[in-house]
Amino acid sequence: MARPTSALIHTDALRHNLAQARALAPHSRVMAVVKADGYGHGLERVARALEGADAFGVASLSDADRLRAAGLSQPIVLLSGFDEADDLPQLRRLGVETVVHHISQVEMLEQAADGDPIRCWLKVDTGMHRLGFAPEHLHEAHARLSAAASVADGIVLMNHFASSDEFDGDSPGNRQTREQQREFAAAIDGLSGARSLANSAAVLGWPDAHADWIRPGGLLYGISAVEGRNGEDFGLRPAMTLSTRLIAVNAVRKGERVGYAATWECPEDMLIGVAAIGYGDGYPRAAPSGTPVRVAGHDTQVIGRVSMDLMTIDLRGIPQAKVGDPVVLWGPELPVERIAQVSGTIGYELTCSITRRVRFVES
Ligand SMILES: *Cc1c(COP(=O)(O)O)cnc(C)c1O
């Protein structure tokens, strides 16, 4: 029998979340960010479900290639930009737009005059200090791109927020986002062109920053980027259910220990379920005893260490549990954000980490 571990992708939830993004930012166009294999949900599947988006954002040319091979004709933007001059013919062939964040890219574009012009998204660093031109160098970069025969008219101006998930109250992150908005406005003063600032958290919490193009990623998958809040709190629907089945139910005596390093000691005689999923499938090994999990529709908890192929589950309170019962690790009934929080990470990392042996199914 095939391993019962599967990731069910809810394409209706993807469409719902896209509609939600549009409702939140009715005057903006939407770039659906589908990098990292659609945040682990499957690139082509996600892009087809989100074909109503105005553009797709990817992190690699090979992802752009896959989208074109799947027959998608929307604009595609290479969010980290191209790396070398040899990438430019491929950008042209695939009709891909590119972020330009470094002077070396400006130079390569200036030297690549032959062929169709390429649309550029010029990125200014407003304080995240990852990618982008320093504000004082932005105008020069813009002037050189505008003069380059290889660059299409209509350069888009963009930045990226570091802390837009902190939108309530007066926290350092909140102040940083306001500062980044001011920096952006000052840096682009005198330049014309569409503007793009907002990632998911800014779509949810910073309407002033919606501008011409929003760039939601996590939001489309129903995952909240905001600490302590689930996608559902924002009217979003989770796009993935990760599930498996019980492959053993064992009675274990009080005082016995369970799993690697014997981290769980049974406080009483109890039933323990063994589920066919582990960190080899992408479930986080860091999930401690007490992490929520659902067995046959009942809430219970992970106990002991998560191992590569298996995990052990507390079946006290579910005496009828039996081999073959469904086990849900996350999904609409159990937000991935809760698993992430107790595992010291974010929902994005969990969905991105599902491994190839998990069977993907679509609904
Ligand atoms: C990944 C990414 C996004 C999307 O971020 P989310 O938090 O998932 O919405 C937007 N813009 C850029 C430049 C990105 O790299």
Side-chain angles (χ1 to χ4, degrees), residues 13-14 17-18 20-22 24-25 28-41 43 46-47 50 53-61 63-64 75-82 96-102 105 119-133 156-167 173 176-177 180-181 184 194-207 209-227 229-231 234 236 238-240 336-337 340 345-353:
L14 291 166
N17 296 334
L18 174 60
Q20 197 70 5
R22 288 210 186 276
L24 285 161
S28 309
R29 279 175 282 174
V30 181
M31 180 201 296
V33 179
V34 296
K35 63 197 184 189
D37 206 27
Y39 288 48
H41 295 64
L43 177 63
V46 164
L50 297 177
D54 302 298
F56 293 115
V58 299
S60 74
L61 258 175
D63 282 357
I76 299 174
V77 182
L78 193 52
L79 289 172
S80 319
F82 61 98
V96 170
E97 308 179 9
T98 184
V99 167
V100 175
H101 59 79
H102 196 267
Q105 296 169 319
R119 186 175 304 279
C120 293
W121 294 58
L122 179 58
K123 189 165 190 175
V124 51
D125 175 17
T126 56
M128 175 140 173
H129 301 311
R130 198 177 57 178
L131 294 182
F133 288 89
V156 183
L157 302 161
M158 70 179 287
N159 84 333
H160 194 54
F161 288 130
S163 310
S164 52
D165 53 315
E166 295 183 35
F167 43 74
Q176 184 183 21
T177 304
Q180 285 196 268
Q181 281 183 271
F184 185 70
R195 296 154 302 135
S196 177
L197 303 88
N199 55 4
S200 292
V203 171
L204 296 173
W206 296 91
H210 288 172
D212 300 296
W213 281 92
I214 56 170
R215 305 190 309 271
L219 179 161
L220 297 173
Y221 308 95
I223 308 172
S224 158
V226 180
E227 171 104 47
R229 314 272 287 274
N230 301 326
F234 300 105
L236 306 172
M240 179 191 289
V336 68
E337 293 92 336
T345 183
I346 58 171
Y348 292 17
E349 186 182 14
L350 294 186
T351 60
C352 278
S353 301

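In this chain, residues are counted from 1 in sequence order. Counting starts at 1 for both ligands and their atoms, in listed order.
The distance criterion of under 3.5 Å between nitrogen or oxygen atoms is met by S200 with respect to ligand 1. Between A225 and ligand 1, a contact under 3.5 Å exists for no N or O pair.
Here is the list of ligand 1 atoms found below 4.0 Å of a heavy atom in Y39: 1 (C), 4 (C), 5 (O), 6 (P), 8 (O). Counting atoms of ligand 1 from 1 in the listed order, those under 4.0 Å from a heavy atom of P216 are 9 (O). Short contacts between ligand 1 and G218, defined as distances under 4.0 Å to a heavy atom of the residue, involve ligand atoms 6 (P), 8 (O), 9 (O).
Summary of contacts: the protein heavy atom closest to atom 6 (P) of ligand 1 is Y348 OH, 3.4 Å. The protein non-hydrogen atom at the shortest distance from atom 12 (C) of ligand 1 is H160 CE1, 3.4 Å.
Side-chain contact, R130 with H101: no donor N or O sits under 3.5 Å from an acceptor N or O.
Two residues are said to be in side-chain contact when any heavy atoms from C-beta on lie closer than 4.5 Å; C120 and E97 fail this criterion. Contact annotation: the side chain of W206 approaches that of T177 to within less than 4.5 Å [non-hydrogen atoms, C-beta and beyond].
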Test side-chain contact (heavy atoms from CB on, under 4.5 Å) on F56 and L50; report intermediate values, then the result.
CA-CA 9 Å; F56 293 115; L50 297 177; 4.2 Å; yes
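A salt bridge between D54 and R22 is present, with a side-chain N of the basic residue lying under 4.0 Å from a carboxylate O of the acidic one.
Taking the centre of each ring, Y221 and H41 come in below the 6.0 Å mark.
Counting heavy atoms only, K35 comes closest to atom 2 (C) of ligand 1 of the residues K35, M31, R215.
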